Undergrad: 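Starting off with a structure, shown below.
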Amino acid sequence: MILIYGIKERLNPIKGRLSDVIHGSMRDVLGMPEDKRAHRFIPMEAVDFYYPGGRSDAYTVIEINMMAGRRPETQKTLIKTLFERIEEELGIRPVDVEITLHEQPPHCWGFRGMTGDEAADLKYQVKV
């Protein structure tokens, strides 16, 4: 699951395009299937969204939750790909994007009535 935070007036108009950029990056770098998109947008009022100095109102936070297993090189490639594509496709400078990856062991995931370590039918590889 991916959580995306930003100022409502900036985030709402680009939600679809940003979702496409994120999902395309996940597919290209991690091999995620086309139908594996779980994005949650959290548009916030400007008065509720404080961001660091030197950033603009385009500041966007992306939190990616996934099962543990990806190599550090793969994780870094995903982050760098997101920075590049978000700037190319949406014009948001890398200084205005914060990305965090949160990995949990498969037994900490629950979906379709089972835990992640019980799922034998995933359409993607976790250890990439």
Side-chain angles (χ1 to χ4, degrees):
M1 177 175 22
I2 300 173
L3 303 172
I4 303 110
Y5 303 85
I7 294 176
K8 178 172 59 174
E9 289 77 22
R10 294 288 300 220
L11 189 58
N12 280 343
I14 63 166
K15 280 194 249 185
R17 291 173 45 216
L18 181 54
S19 179
D20 289 344
V21 168
I22 293 169
H23 190 60
S25 299
M26 300 284 286
R27 286 178 40 228
D28 292 346
V29 177
L30 302 180
M32 300 301 284
E34 178 60 39
D35 65 346
K36 182 74 173 157
R37 186 185 306 222
H39 300 171
R40 306 295 180 261
F41 284 87
I42 301 147
M44 301 177 74
E45 298 292 336
V47 298
D48 296 322
F49 191 69
Y50 292 91
Y51 47 86
R55 307 323 192 267
S56 76
D57 65 348
Y59 186 72
T60 304
V61 176
I62 301 169
E63 296 180 358
I64 301 172
N65 294 290
M66 56 189 181
M67 281 193 268
R70 278 84 178 186
R71 295 186 317 267
E73 299 81 24
T74 303
Q75 296 170 346
K76 289 172 68 172
T77 298
L78 175 61
I79 290 169
K80 290 177 181 181
T81 299
L82 286 165
F83 282 136
E84 290 171 11
R85 291 183 181 178
I86 290 170
E87 183 171 33
E88 288 172 9
E89 299 290 325
L90 300 167
I92 300 174
R93 301 172 309 146
V95 71
D96 279 325
V97 178
E98 179 180 311
I99 301 165
T100 55
L101 303 180
H102 302 279
E103 287 194 324
Q104 301 85 24
H107 69 271
C108 291
W109 281 83
F111 50 86
R112 299 188 327 246
M114 67 186 95
T115 59
D117 59 335
E118 297 170 332
D121 62 345
L122 295 178
K123 298 177 185 172
Y124 57 93
Q125 296 293 316
V126 173
K127 298 194 182 289
V128 294

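Note that the coordinates shown come from a computational prediction; the quantities given were computed from them, not determined experimentally. Just the heavy atoms: all of them, side chains too, but no hydrogens, waters or symmetry mates, feed the values below. One-based numbering along the sequence shown.
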Undergrad: Can you tell me how far apart CZ (Arg40) and CD (Glu63) are? Round to the nearest 0.5 Å.
TA: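 If I round to the nearest 0.5 Å, the distance is 13.5 Å.
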
Undergrad: For residues 87-97, tabulate all N or O donor-acceptor pairs below 3.5 Å that involve a side-chain atom, not counting sequence neighbours.
TA:
from: Arg93; atom 1: NH2; to: Asp96; atom 2: OD2; distance (Å): 3.3
from: Asp96; atom 1: OD1; to: Ser56; atom 2: N; distance (Å): 2.7
from: Asp96; atom 1: OD2; to: Ser56; atom 2: OG; distance (Å): 2.7

Undergrad: Give the cluster check for Met44 versus Ile14: same hydrophobic cluster or not, with ILVMFWY residues linked at side-chain heavy-atom distances below 4.5 Å.
TA: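 In one cluster with Met44: Ile14, no.
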
Undergrad: I need the Met1 CE to Trp109 CH2 distance, nearest 0.5 Å.
TA: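 Going from the CE atom of Met1 to the CH2 atom of Trp109 covers 6.5 Å.
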
Undergrad: Quick check for you: to the nearest 0.5 Å, what is the distance between Leu11 atom CG and Thr60 atom OG1?
TA: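 Going from the CG atom of Leu11 to the OG1 atom of Thr60 covers 6.0 Å.
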
Undergrad: Run the side-chain donor-acceptor check on residues 112-122: report pairs under 3.5 Å with partners two or more places apart or on a different chain.
TA:
from: Arg112; atom 1: NH2; to: Asp121; atom 2: OD1; distance (Å): 2.5
from: Arg112; atom 1: NH2; to: Asp121; atom 2: OD2; distance (Å): 3.1
from: Thr115; atom 1: OG1; to: Asp117; atom 2: OD1; distance (Å): 2.5
from: Thr115; atom 1: OG1; to: Glu118; atom 2: OE1; distance (Å): 3.2
from: Glu118; atom 1: OE1; to: Thr115; atom 2: N; distance (Å): 2.9

Undergrad: With Ile79, which residues qualify under side-chain contact (heavy atoms from CB on, under 4.5 Å), at least two apart?
TA: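 With sequence neighbours excluded, Ile79 shows a side-chain contact (heavy atoms from CB on, under 4.5 Å) to Phe83, Ile99, Leu101, given in chain and number order.
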
Undergrad: Please lay out, stage by stage, how Met66 and Leu30 fare under the test side-chain contact (heavy atoms from CB on, under 4.5 Å).
TA: CA-CA 11 Å; Met66 56 189 181; Leu30 302 180; 4.0 Å; yes

Undergrad: What residues, two or more places apart in sequence or in another chain, satisfy side-chain contact (heavy atoms from CB on, under 4.5 Å) together with Asn12?
TA: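 Asn12: side-chain contact (heavy atoms from CB on, under 4.5 Å) contacts with Lys8, Lys15, Pro43.
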
Undergrad: Can you measure from OG1 (Thr100) to CD1 (Ile64) and round to the nearest 0.5 angstrom?
TA: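 If we round to the nearest 0.5 Å, Thr100:OG1 and Ile64:CD1 are 7.5 Å apart.
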
Undergrad: Working to the nearest 0.5 angstrom, can you tell me the gap between Leu18 CG and Ile62 CD1?
TA: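 Between Leu18 CG and Ile62 CD1, I get 5.5 Å after rounding to 0.5 Å.
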
Undergrad: Applying a strict under-4.5 Å side-chain criterion to I, L, V, M, F, W and Y, I'd like to know whether Phe49 and Leu3 cluster together.
TA: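 In one cluster: yes.
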
Undergrad: With sequence neighbours excluded, what pairs up with Glu98 under the side chain to side chain donor-acceptor pair (under 3.5 Å) test?
TA: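 Tyr59.
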
Undergrad: For Glu9, enumerate each residue passing the side-chain contact (heavy atoms from CB on, under 4.5 Å) test, keeping only those at least two apart in sequence or located in another chain.
TA: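 Glu9 satisfies side-chain contact (heavy atoms from CB on, under 4.5 Å) with Ile7, Glu45 only.
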
Undergrad: My understanding is that only residues two or more places apart in sequence, or in another chain, count here; which of them pass side chain to side chain donor-acceptor pair (under 3.5 Å) with Glu84?
TA: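 Testing Glu84 for side chain to side chain donor-acceptor pair (under 3.5 Å), a comparison that skips the adjacent residues, returns none.
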
Undergrad: Which pairs, with at least one residue in residues 74-83 and sequence neighbours excluded, count as a side chain to side chain donor-acceptor pair (under 3.5 Å)?
TA: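 Found Gln75-Glu103.
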
Undergrad: Tell me the side chain to side chain donor-acceptor pair (under 3.5 Å) pairs involving residues 28-37, sequence neighbours left out?
TA: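 For residues 28-37, and leaving out neighbouring residues, the side chain to side chain donor-acceptor pair (under 3.5 Å) pairs sorted by first residue read Ser19-Arg37, Asp20-Arg37, Arg27-Glu34, Asp28-Arg85.
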
Undergrad: How would you list all residue pairs meeting salt bridge (charged side-chain N to carboxylate O under 4.0 Å, His left out) that involve residues 46-57, not counting sequence neighbours?
TA: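 Of all non-adjacent pairs touching residues 46-57, those that pass salt bridge (charged side-chain N to carboxylate O under 4.0 Å, His left out) are Arg10-Asp57.
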
Undergrad: Only counting residues at least two apart or in another chain, list the ones meeting ring pair (Phe, Tyr, Trp, His ring centres under 6.0 Å) with Phe41.
TA: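 Per chain and number, Phe41 pairs via ring pair (Phe, Tyr, Trp, His ring centres under 6.0 Å) with no residue.
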
Undergrad: In the hydrophobic clustering (ILVMFWY, side-chain contacts below 4.5 Å, transitive), which residues join Tyr50, or is it alone?
TA: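 Noted: Tyr50 shares its cluster with no other residue.
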
Undergrad: Among the clusters formed by ILVMFWY side chains lying less than 4.5 Å apart, do Ile22 and Val61 turn up in the same one?
TA: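 Ile22 does not cluster with Val61.
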
Undergrad: With heavy-atom distances below 4.5 Å as the criterion, would you say the side chains of Met26 and Ile2 are in contact?
TA: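 Yes; the side chains approach each other to less than 4.5 Å.
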
